[in-house]
Number of protein chains: 2
Amino acid sequence: MARQTRQTILDVAGNLFGNRGFDAVSLDQIAAEVGVAKQTVLYWFSTKDELVQEVLAETAVELTVVVEAAIRSAPDDPLDRMEAVVKAVFRPAVRRPSLLGLVREISRLPSESSERLTDSLRPLVERAVNWMKAEMDAGRLRRADPGLIVALAYATVTGIATEPEALRVVGWNADIAGLRRLRDELVDFLRAALAPR
Amino acid sequence: MARQTRQTILDVAGNLFGNRGFDAVSLDQIAAEVGVAKQTVLYWFSTKDELVQEVLAETAVELTVVVEAAIRSAPDDPLDRMEAVVKAVFRPAVRRPSLLGLVREISRLPSESSERLTDSLRPLVERAVNWMKAEMDAGRLRRADPGLIVALAYATVTGIATEPEALRVVGWNADIAGLRRLRDELVDFLRAALAPR
DNA sequence: ACAATTCTCTACCAAATGGTAGAGAAAGGT
DNA sequence: ACCTTTCTCTACCATTTGGTAGAGAATTGT
C-alpha cells in the first residue's frame, strides 16, 4: 500500500502544479490534499524539486503514450491521421487540463531541467514533423511549415485546456460539449488548411 | 521624479511576473531590481495583489492600443488586415515576451479579478470576431469559426512568445530572425487557410 | 523660510516555506 | 515471535514572505 502513497502524491502534485504552477503550491498543501504529513511527502521525494521533476517525467511519458497509441491506430490518410492525433491529445486536455498546464510550466524551469524534459518529448515531435514533411513532399498535404503546424496545434489545444477565460472571451463555453465542438472546428480548420489543391 | 518610481515598479513587476508568474516573484525581488526598499513598493501599491491588478490593467491597455492601431492603419483586404494584426501583436511578443506571459497568468487569478480583466479585453476581441464573421458572410474569407481563428492566433503567438523550448523542439530558433520567419509562416498559413475558394 | 505633504527607509511582526532530526508504528522476512 | 526495514509522524529550524509601525528625508506650496 505504501507505493500507493507515492503515486497519490504524484497525482495530487501533478494536478495542483498543472493548475496553479510550481511556486504557488506548497508541500503542506500537497500533503493536506493527500491526507499525510508534509514529511511523508519528503520521505518519498527528498526535495520539492525532485517531486517537480518526477511529475514532469510522468507527464512526458503519458503524453507520449497517448500520441503514439493514436498514431498506431490511425488511418493511412494524412488528414485522418492528423485528426486522430489532435483528438487523442484533446481528450486528456479536456478531462485533465492540468496535464497540459504542466507542459507549459516547463518554460519556468532552469534550463538543465527543461532540457531533460524537452529531450524526452523530442523524438515524438520529430517523428511528427518528419512524417508531415514526407506527406507534403508526396503531395498528400498542402505545403506549409511542419514545425509551425505542430506548434500551432500544440499551442491551440494547450490554450483551450488551460485558459477557459480566453475561450469565453471569444464566445465559446468551456463545458464538455462546447470543447468538443471547438475541437471539431479546429480539426475542420486544419483539414481545410492542409488539404492538397 | 516620484511618479517615476511608481512606473518603474510597474515595469519591473510586469517583466518579472510575466516571465515567472505572480507567485514566484516576491516583493523583495521587485524592490531589489528597482533599487528601492520593499516598503517603497508597498507605499505605492498597498498590497501585492493591488500591484498585480495594476500590472494587468496596464497590460490590457497596451495590447488594446497595439491592436487598435494596427486595425486603424490596415488595408481594407481582410487577409491583409489579418496579417497586420498578427504582425502588430507579434512585435511586442518578440520584444517583450513577458507581456503575453502576463495575459496567460490571468487564468491563475481568482475569478472576480480575471473577469475584470477579460472584460477589458472583450470589446476588442468581439470586434475582431464580428468583423471576421462579416467578411466570411460576404465571401471575402473562407468560412470557419471566427472565435476559433482568434483563439488559434492568440494561442500560437502567445506560445511562440512564452515557450521558446517548445519552439526548439519543433525545429525553430527562438532568435529574432527565426521568430520573424516563423511569424511569416504563420501569416502564410492563415492566408492559405482563410483565402476564399 | 517654514509648514505640510509626500516619499523612502529601518525595524519589527506573524505566518508560511522547504527543509533536518529522530521517534515510533507498520510491514516484511526469517 | 522477533528482528529488520520501511513508512509515517511530531518537533524543530532558518529563511522568506507580505505585511504594520513609525521616523526622517525630500519635495511642494505658501
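Computation of the quantities below employed the complete heavy-atom set of this structure, encompassing side-chain atoms and omitting hydrogens, waters and symmetry-equivalent molecules.
Residue Ser46(A) has no polar side-chain atom (N or O) positioned under 4.0 Å from OP1 or OP2 of dG19(C). Between Tyr43(A) and dT8(D) there is no side-chain polar atom (N or O) within less than 4.0 angstrom of OP1 or OP2. OP1 or OP2 of dT8(C) has at least one side-chain nitrogen or oxygen of Trp44(B) nearer than 4.0 Å.
Counting non-hydrogen atoms of other residues, nucleotides and ligands closer than 6.0 Å to CZ of Arg191(B) gives a total above 12. Within 6.0 Å of the NZ atom in Lys133(A), the count of heavy atoms belonging to other residues, nucleotides or ligands does not exceed 12.
Taking atom CD1 of Ile9(B) as the reference point, atom P of dG18(D) lies 14 Å away to the nearest angstrom. Rounding to whole angstrom units, CG of residue Asp28(B) and C1' of dA11(C) are separated by 14 Å. Spacing between atom CG of Asp23(B) and atom C1' of dT16(D) amounts to 14 Å, rounded to whole angstrom units. Between Phe45(A) atom CZ and dT20(C) atom P there is a gap of 16 Å when expressed in whole angstrom units. Distance, Ile30(A) CD1 to dT17(C) P: 11 Å, rounded to whole Å.
Minimum atom distance to the side chain of Ser26(A) is reached by dT17(C), of the listed dG18(D), dT8(D), dT17(C). With dT17(C), dG19(C), dT6(D) as the candidates, the nucleotide lying closest to the side chain of Leu27(A) is dG19(C).
Using a cutoff of 4.0 Å between basic side-chain nitrogens and carboxylate oxygens, Arg140(A) and Asp76(A) are scored as salt-bridged. A salt bridge does not link Glu58(A) with Arg6(A): none of the charged nitrogens is closer than 4.0 Å to a carboxylate oxygen. Using a cut-off of 4.0 Å between Lys/Arg side-chain N and Asp/Glu carboxylate O, Arg127(A) and Glu68(A) are scored as salt-bridged. Contact check on Arg122(B) versus Asp119(B) returns a salt bridge, with a Lys/Arg side-chain nitrogen under 4.0 Å from an Asp/Glu carboxylate oxygen.
If you check the side chains of Thr158(B) and Arg104(B), you find no donor sitting under 3.5 Å from an acceptor. For the residue pair Asn19(A)/Ser98(A), the side-chain donor-acceptor check at 3.5 Å is not satisfied.
In this structure, Leu186(A) and Leu152(B) approach most closely via the heavy-atom pair CD1-CD1, 3.9 Å.
Contacts with DNA chain C (heavy atom under 4.0 Å) in residues 47-58 of chain A: Thr47(A), Lys48(A), listed by number. Taking every heavy atom of residues 33-42 of chain B and every atom of DNA chain D, pairs under 4.0 Å involve Lys38(B), Gln39(B), Leu42(B), by number.
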